[in-house]
Amino acid sequence: MSYDAHKLKQIVEGALLAAGRPVSLDQLQGLFSEQEMPEKKDLRDVLTTLGEDYEGRGIEVVEVASGFRIQVRTELSPWISKLWVERPPKYSRALLETLALIAYRQPITRGEIEDIRGVAVSTNIIKTLTEREWVRVVGHRDVPGKPALYATTKEFLDYFNLKSLNELPTLAEIRDLDSINRELELLDPDKPPPPGPARIP
Amino acid sequence: MSYDAHKLKQIVEGALLAAGRPVSLDQLQGLFSEQEMPEKKDLRDVLTTLGEDYEGRGIEVVEVASGFRIQVRTELSPWISKLWVERPPKYSRALLETLALIAYRQPITRGEIEDIRGVAVSTNIIKTLTEREWVRVVGHRDVPGKPALYATTKEFLDYFNLKSLNELPTLAEIRDLDSINRELELLDPDKPPPPGPARIP
Amino acid sequence: MPFAVVQGEPWLTPPTDLYIPPDALEVFLDAFEGPLDLLLYLIRRQNLDILDIPIAKITDQYVSYIEMMNELRLELAAEYLVMAAMLAEIKSRMLLPRPVSDGDEHEEDPRAELIRRLQEYERYKQAAEDLDELEHMTRDTFQASAELVERHVEAVDPDVSLREIMLALSDVLHRADMFTSHRVEKEPLSVREKMSHVLERVSGRNFVSFTELFDISEGRLGVVVTFLAVLELIKGSLLELVQAEAFAPIHVKAKVS
């Protein structure tokens, strides 16, 4: 490894650890003067090498929405979490369901969340989600009362170790009553095929 | 290295980096259940090995009063410090007025600036302008207290790309600028139109 | 004392088709996220197909449950009662003979809307569980950080445009009502600039030769400007002219010793 690549790796490692938060490639480039500024490609290479260096170690390099982060490996959490007296927060189902609805259906109003969940959404939940900077108001729906439209933030993605919303677990499909009935009919060996032209479902 | 020593190193590294502050040997022992708790000697050994691993890297293990800490190498500071470079603040109105008066009425004392501005000029403003090397003391007025006379510098001219003070707009031009601004305000799309009959733009 | 009174009938023991253990009743309000959640629970625990809910059975279970909650004087959210009414309505519509369907234009199943809502809710209930399974910061993983002991705090100087200075000056002159003063207006800045230069040259020195102040390379105009500057400085008591005797060289001295 040339001196430059070596030095570059030191700086990138130092920056990621000193920042204590995800750092973007742009921010990494900003550490250098214009003459010595590395290409993004070189930075990516360095980050990959760094990740390889960390194999078998207590830490790893991950890419999340706001950039790259060095984090402690998940399998060490039983020990590491003992550093803090407080247990990590456990989120209520109501909060997680509200968050899930905002994540998957954004932008969405509180009323729409309530319609789907079948119960009122407490103001506290919205407050907690906003204070954690996981959700924010991105606009207002143009209906009477102009209800706020909520969406998730980069901090939400960072917290859940996601690069983008695309990486969210896939949502279960909704089965339609009619289509299921048709499927059942088609699969039923005792039943003659339905009359008329074949329909493509 | 045995499995245990390897795992131990992972945990110690993870703990020190997750903590982001010094961790004592007692605290490190506290991460383990009684059966698997390592001796302090073993922990010291692991910390030494970790320190050796970090040679040529961006970080190092140091022992401080309250325990062990992983810190970013000082020689990387010129780069890493840029992480915290803040957006330049804006100068206050008072500072700009003071600067303008020094430019147009030099050599001028602080008291004379205060007379024109009608308010006191804070020592900080003079200090900022002097530190920026835009303003310097060129003499003292022969009155009680012998107040300093301020003038602008060559650096001031350079910053504003002027060859001499003569290239500054004249007061008459500033008066024009003034009226131009008032017109611009009238055209400002963000501002509500003046009351009265609707005007077609 | 009966365990509960359901539809006027006293129950001495918990109903066997009620799949909720009685000790769960106290935590009822916490355990379920609303009527949809409760219904899903009843359906799932009995391995019923959500698309073919035995509506009469489920309704009975749901209603007996709600009544029991009332008996125990647990405060029920209004949503639970609304759902009970909806279930009762579906149940009665299911009992009515369905009109003969002509072709594809068949009457919608009375349960359709409920099934749609149940499924819709269930997918987000699942999504919430999936979300909780994801790696959480501060639970499963931790941000690694290391101190940078010697931070060079680099102060960045603010940018200033000439225009800002102009506006500031215009403001202050307006306030001081100095635009009306012709004296200020006519004064060429080159003289002011030269005043500063001359003052700087003489400050800290005892005597400076008068002629030394003039730089011939500045040309005729430059000499005039310097001369005006010196006069201005003398007028302002900043400079003093000294001549030992008549026709001796003139020296200049800052007025402040």
Side-chain angles (χ1 to χ4, degrees), chain B residues 14 16-18 20-21 59 69-72 74 76-78 80-82 84-91 93 96-97 99-101 103-107 116-118 132 136-143 146 149 151-152 159-160 162 164-166 168-175 177-178 181, chain C residues 141-176 178-179 184-204 225 233 236-240 254-257:
Chain B
L16 257 52
L17 287 172
R21 53 170 167 81
I59 46 178
R69 165 170 78 194
I70 296 176
Q71 64 184 37
V72 177
T74 314
L76 299 177
S77 183
I80 315 279
S81 291
K82 296 220 181 69
W84 296 281
V85 166
E86 279 161 37
R87 286 286 88 219
K90 292 284 278 175
Y91 281 139
R93 195 78 191 168
L96 292 172
E97 288 182 6
L99 178 60
L101 283 170
Y104 278 84
R105 305 277 295 157
Q106 61 187 277
I116 301 175
R117 289 195 57 232
R132 186 126 196 209
R136 72 185 191 286
V137 174
V138 289
H140 295 266
R141 202 177 277 295
D142 191 22
V143 293
K146 306 256 184 280
L149 284 159
T152 51
Y159 183 88
F160 292 103
L162 305 167
S164 85
L165 272 188
N166 239 17
L168 278 177
T170 63
L171 287 182
E173 282 169 327
I174 291 173
R175 197 158 40 186
L177 180 79
D178 217 35
N181 270 331
Chain C
T141 181
F142 306 86
Q143 168 75 52
S145 61
E147 188 94 11
L148 178 65
V149 182
E150 272 180 50
R151 271 196 212 178
H152 303 275
V153 180
E154 279 182 57
V156 178
D157 288 326
D159 286 324
V160 179
S161 68
L162 205 49
R163 187 189 154 81
E164 283 176 274
I165 296 186
M166 300 302 102
L167 289 172
L169 185 68
S170 144
D171 268 9
V172 72
L173 293 185
H174 264 299
R175 279 210 314 273
M178 287 181 74
F179 270 133
V184 174
E185 250 176 273
K186 282 180 185 159
E187 211 167 44
L189 272 171
S190 51
V191 174
R192 292 238 152 235
E193 188 173 31
K194 191 54 91 179
M195 284 165 73
S196 295
H197 287 170
V198 170
L199 210 51
E200 205 183 17
R201 282 184 77 175
V202 301
S203 75
V225 166
L233 286 169
S237 308
L238 293 166
L239 214 63
E240 173 164 44
K255 200 75 188 288
V256 173
S257 43

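We name chains A, B, ... by the order of the sequence lines, and we start the count at 1 in each one. The basis for the numbers below is simple: all heavy atoms, side chains too, and nothing from hydrogens, waters or symmetry mates.
The structure places CG of B/Leu96 at 9.5 Å from CG of C/Leu167, a figure rounded to the nearest 0.5 Å. Note that CG of C/Leu148 and OG of B/Ser81 are 5.5 Å apart. Values are rounded to the nearest 0.5 Å.
Residue C/Glu147 touches chain B through both its backbone and its side chain, counting heavy-atom pairs closer than 4.5 Å. For B/Arg132, the part lying near chain C is the side chain, with the backbone staying farther off; criterion is any non-hydrogen pair under 4.5 Å. Of the two parts of C/Thr141, neither the backbone nor the side chain holds a non-hydrogen atom closer than 4.5 Å to a non-hydrogen atom of chain B. Interface residue C/Leu238: only side-chain heavy atoms are found under 4.5 Å from chain B.
Considering only heavy-atom pairs separated by less than 4.5 Å from chain C, the leading option among B/Leu168, B/Val143, B/Ile59, B/Val138 is B/Val138. Contact count against chain C (heavy-atom pairs under 4.5 Å) is highest for B/Glu97 among B/Arg69, B/Glu97, B/His140, B/Arg21. Listed options B/Ala103, B/Ala151, B/Ser164 were ranked by heavy-atom pairs under 4.5 angstrom with chain C; first place goes to B/Ser164. Contact tally against chain C (heavy-atom pairs below 4.5 Å) for B/Leu149, B/Leu16, B/Val72: the top residue is B/Val72.
Every residue meeting the salt bridge (Lys or Arg N to Asp or Glu O under 4.0 Å) condition with B/Arg141, not counting sequence neighbours, appears here in chain and number order: B/Glu112. In this structure, the ring-ring contact (aromatic ring centres under 6.0 Å, His included) partners of B/Tyr159, at least two apart in sequence or on a different chain, are B/Trp134.
Looking only at side-chain heavy atoms (C-beta outward), B/Leu165 and C/Ser190 stay at 4.5 Å or farther from each other. Taking the side chain as every heavy atom from C-beta outward, B/Leu162 and C/Leu162 approach each other to under 4.5 Å. B/Pro169 places a side-chain heavy atom less than 4.5 Å from the side chain of C/Met166. Looking at C/Ile165 and B/Tyr91, their side chains never come closer than 4.5 Å, going by heavy atoms from C-beta outward. Counting heavy atoms from C-beta on, the side chains of B/Leu17 and C/Phe142 never come closer than 4.5 Å.
Taking each heavy atom of C/Arg192 and B/Gln106 in turn, the nearest pair found is NH1-O, 2.8 Å. Between C/Ser203 and B/Gly139, the closest heavy-atom pair is CB-CA, 4.3 Å. Scanning all heavy atoms of the two residues, the minimum distance from C/Ser237 to B/Asp142 falls at O-CB, 4.0 Å.
Salt bridge B/Arg93/C/Asp171: present, at least one basic N to carboxylate O contact under 4.0 Å.
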Step-by-step side chain to side chain contact (heavy atoms under 4.5 Å, CB included) determination, C/Lys255 to B/Lys146
CA-CA 10 Å; C/Lys255 200 75 188 288; B/Lys146 306 256 184 280; over 6 Å; no

